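First up is the structure itself, then whatever we jot down about it.
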Amino acid sequence: MGKDGGDEEVIEENGNERKDQEKGLVGYSVRFDHRVPPGTKIKYVTEGMLLQELLRDPHLRQYSAIIVDEIHERSVDVDLLSGFLKQIVTGDKVGRGGIPLKVVVMSATAQVEHIKKFFSSDDSLKNGTSGEEVEYLQIEGRQFPVEVIHEPKPVADIQEALIKTVFKIHTQEPLSDKHGKKDILCFLTGQEEIEAAQRLIEEFAETLDPKVPKVKVFPLFGQLSMEAQHEAFQPIKHPFTRKIVLATNIAETSVTVPGVRYVVDCGKAKVKQYRPRLGMESLLAKPISKSSAIQRTGRAGREGPGKCFRLYTADTFATLQKTDLPEILRTDVLGAVLTMKARGIDDVLSFPLMDRPEIEAVENALVHLHVLGALGDDGRITDMGRKMVMFPVTAPYARVLLAAADQKYDCLLEAIDIIACITAGDDIFMQVRSEEDKESVDVYRKELQRREGDLITYLNTMQRFVSTPSSDRATFCKQRRINVRNMRQALNIRKQLRSLSVKTKMLLQDDAPPPPPDSEVTTYQPVSPETAERILKAFLKGFAMKTAILAPDSSYVTAHGKHVVAIHPSSSMHGVKREAIMFLEHVYTQKNYAKKVSAIQAGWIAEALAV
DNA sequence: GAGCACTGC
């Protein structure tokens with residue numbers, strides 16, 4: 001569990017505090033890992049875990065105090081949790097037998113007033129005594145000073161400005177000082193921009209006077225292999241050389257590059273945003289917030305005094321939003337609405353939230369949940385909805401699992417394998433960088449691919465993987481450039497979904513005995529086309545809205561919304577023309593892309609929408 | 001012919 005993971009510390013009641021503390025009675029509960037010995041006084045949990053506990057214990061009677069750390073990160077879960085905590089704190093204490101709940105929230109930046117106001121009772125707001133019952137304590141952070149340098153005029157070409165700034169730093173600033181190395185960290189928006197900048201910097205470096213120190217460039221973004229990412233963290237071995245790291249936002253939030261004393265900030269980041277009106281997401285470069293710019297600046301001052309060069313003007317900085325949009329305003333609120341409904345919130349529009357999504361977004365989610373069968377005509381959660389919230393997957397996937405468990409489709413284990421692969425993080429199939437590798441990897445991957453499309457390909461991959469003896473699994477992954485970490489995660493999720501299926505009586509214990517390690521090594525038998533059809537029909541129960549029909553002009557037109565959609569190049573269906581497709585993801589980047597694509601028959605769509 | 005970053009009951 002990362003110390004900056006935004007986890008809550010939950011303090012449990014009863015027992016002798018002092019003595020128990022000395023016994024070290026601290027427990028934790030995170031996904032796949034729980035250690036809560038009897039008599040535990042302090043429990044570390046994830047937000048998702050506590051939300052799950054709220055299903056059973058709506059007043060959190062088990063707890064006397066809750067500490068929410070890193071609340072400024074503003075995940076959907078922390079926002080929902082804050083709403084429930086506010087209701088408990090400001091409501092009557094009847095549900096808790098009159099015992100109040102203490103809530104401590106901890107935040108690193110901005111938003112203090114916003115958060116303070118939110119946790120104040122509505123009565124105190126009316127009386128104009130806002131924040132009266134919310135106590136506030138500030139602790140100064142410690143950092144070396146960082147000088148901020150803005151561009152005097154807006155720059156026309158970001159790459160050009162980057163090169164100019166990088167080499168100005170490189171030729172005018174020392175390689176190291178008493179605090180250590182003085183390397184450069186540049187924040188860019190994505191892989192393409194980073195690779196272009198790397199080429200330009202390396203080209204320009206060739207022209208440098210031999211008396212000037214050398215430079216070595218390290219790209220750093222999430223899709224890079226662990227080894228390649230690791231390289232960017234190592235101190236440079238060659239003498240007389242400066243390290244230049246070109247990174248995405250990964251270096252702002254997830255990792256800390258040591259040795260950095262100069263930051264170059266392009267002022268933008270790619271942001272995923274859900275468009276409720278279009279029922280799709282976009283992934284586009286947008287101006288960052290002030291707090292994000294300040295966070296980037298701080299990366300220059302961790303080891304000694306530093307400098308931050310912003311490739312935008314001071315005026316532009318002044319126009320930036322104070323903070324980033326919280327996740328709840330950037331994602332489909334389908335899950336959030338179902339979470340509320342399952343915890344007894346009938347009127348989701350009046351549920352207290354630090355930031356409220358547009359009414360239209362909530363209404364779309366309600367309609368979608370109704371289509372999925374999670375909500376009845378009266379807007380209340382159905383038995384099916386209650387079953388759906390038991391599963392740690394989004395509502396459409398949960399709906400697929402329920403359909404797959406139905407006799408009509410009878411493919412629960414297969415659906416679990418596919419969903420485990422898809423929800424295990426980034427795509428289990430890593431991108432292949434060199435052309436050479438691509439050829440051999442493609443040969444192996446082709447064997448896994450099926451003409452039904454990506455979903456059955458994932459199933460094939462999982463089935464092949466588990467029927468491979470464990471001593472050969474590393475090779476299996478390496479040959480196909482399968483991300484081993486994600487594959488391991490997929491196995492964990494598979495196990496969890498199977499056991500939840502047993503718990504919810506969707507699966508008989510006998511059908512899927514919890515397998516001891518390596519016991520699943522069996523002969524591999526690919527699914528029949530008939531089974532594949534049943535699987536795809538089960539997925540349509542969750543994704544009938546995400547379908548497209550091949551138009552006479554050979555483009556795919558979405559059934560819902562009538563937009564032209566292209567099959568993403570990462571899909572095994574890329575370039576393939578079939579009667580109709582179902583896709584699990586719909587993202588606008590360069591254009592409207594369908595991802596995780598399967599071939600279906602047009603007639604199946606109406607069939608899936610019928611009850 | 002293309003991929004910001006995390007996390008989860």
Side-chain angles (χ1 to χ4, degrees), chain A residues 1-2 4-7 29-34 45-56 70 73-78 80-81 187-195 220-224 229 247-255 266 268-273 281-286 288 292 295 324 327 330-331 335-336 338-339 342-343 386-395 397-398 419-420 423-427 429-433 438 483 486 489 492-493 496-497 499-500 503-504 566-576 585 587-591 593-596:
Chain A
M1 186 168 57
D4 290 329
D7 312 285
S29 191
V30 298
R31 193 182 194 186
F32 309 130
D33 195 8
H34 312 269
V45 296
T46 54
E47 291 109 0
M49 197 65 73
L50 198 55
L51 279 173
Q52 214 56 20
E53 288 192 22
L54 273 166
L55 274 178
R56 301 187 297 271
E70 312 271 4
E73 287 181 5
R74 298 295 307 276
S75 64
V76 172
D77 280 355
V78 93
L80 291 174
L81 194 56
F187 284 101
L188 295 168
T189 58
Q191 178 175 350
E192 207 180 287
E193 212 177 68
I194 286 170
E195 284 169 350
L220 181 61
F221 48 89
Q223 284 275 69
L224 274 182
Q229 286 193 31
T248 60
N249 247 6
I250 194 170
E252 186 186 314
T253 48
S254 317
V255 299
C266 78
K268 290 190 170 170
K270 281 194 189 169
V271 186
K272 213 172 219 178
Q273 176 137 27
E281 312 177 280
S282 61
L283 178 64
L284 299 168
K286 293 272 173 67
I288 57 173
S292 176
Q295 176 75 13
D324 292 304
E327 193 188 8
R330 288 189 294 107
T331 50
L338 186 57
T339 299
R343 285 154 191 78
R386 275 184 216 293
K387 251 186 177 174
M388 285 165 64
V389 295
M390 304 286 289
F391 289 89
V393 294
T394 59
Y397 286 125
I419 290 170
T423 60
D426 303 317
D427 204 325
F429 294 109
M430 293 187 290
Q431 62 160 337
V432 186
R433 314 247 310 149
K438 207 167 200 163
N483 185 322
N486 288 347
Q489 174 81 344
N492 278 330
I493 296 171
Q496 186 186 27
L497 294 180
S499 105
L500 285 166
K503 241 177 240 168
T504 50
I567 295 176
H568 194 269
S570 65
S571 169
S572 63
M573 291 281 292
H574 179 67
V576 179
E585 289 166 27
V587 190
Y588 181 85
T589 50
Q590 310 281 325
K591 49 179 163 174
Y593 279 117
K595 301 172 95 172
K596 315 251 160 72

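In what follows, chains are A, B, ... by sequence order, proteins preceding strands, each numbered from 1. On a predicted model such as this, the values are computed, not experimentally measured, just so you know. Hydrogens, waters and symmetry mates are skipped; everything else that's a heavy atom, side chains included, is used.
Scanning for ring-ring contact (aromatic ring centres under 6.0 Å, His included) contacts around A:Tyr588 gives an empty result, with sequence neighbours left out. Judged as a salt bridge (charged side-chain N to carboxylate O under 4.0 Å, His left out), and not counting sequence neighbours, A:Glu327 has no contacts.
If A:Val389 and A:Glu327 are placed on DNA chain B by their nearest nucleotide, the residue sitting closer to the 5' end is A:Glu327.
Between A:Leu224 and A:Gln229, the shortest heavy-atom distance links the atoms O-NE2, 3.2 Å.
Nearest to the side-chain atoms of A:Pro569 among the listed nucleotides B:dG3, B:dC6, B:dA2 stands B:dA2. Among B:dA2, B:dG1, B:dA5, the nucleotide with an atom closest to any side-chain atom of A:Ser254 is B:dA5.
Checking the phosphate oxygens (OP1, OP2) of B:dG3, a side-chain nitrogen or oxygen of A:Gln590 falls inside 4.0 Å. For B:dA5, the OP1/OP2 oxygens have a side-chain nitrogen or oxygen of A:Thr248 closer than 4.0 Å. A:Thr589 has a side-chain polar atom (N or O) that falls below the 4.0 Å cut-off from OP1 or OP2 of B:dG3.
A:Glu252 places its CD atom 12 Å from the C1' atom of B:dC6, with the value rounded to the nearest Å. Note: OH (A:Tyr588) to C1' (B:dC4) measures 17 Å, nearest angstrom. As rounded to whole Å, 20 Å separates atom P of B:dG1 from atom CD of A:Gln223. If you measure from atom CG of A:Leu224 to atom P of B:dA5, you get 9 Å, rounded to the nearest angstrom. Distance CG (A:Leu50) to P (B:dT7): 19 Å, rounded to an integer number of Å. Rounded to a whole Å, the CG atom of A:Asn492 is 14 Å from the P atom of B:dT7. In this structure, A:Lys268 atom NZ and B:dA5 atom P are separated by 18 Å, rounded to whole Å. As a whole-Å value, the separation of A:Asn249 CG from B:dC4 P is 11 Å.
Among the protein residues, A:Lys596 comes within range of no part of the nucleic acid, since none of its heavy atoms lies under 4.0 Å from any strand. When heavy atoms are screened at a 4.0 angstrom cut-off, A:Leu283 is found touching base atoms of the nucleic acid.
Considering A:Leu81, A:Thr339, A:Leu80 as possible partners of A:Leu54, the one that fulfils the side-chain contact (heavy atoms from CB on, under 4.5 Å) test is A:Leu81.
Two residues are said to be in side-chain contact when any heavy atoms from C-beta on lie closer than 4.5 Å; A:Asp77 and A:Thr46 fail this criterion.
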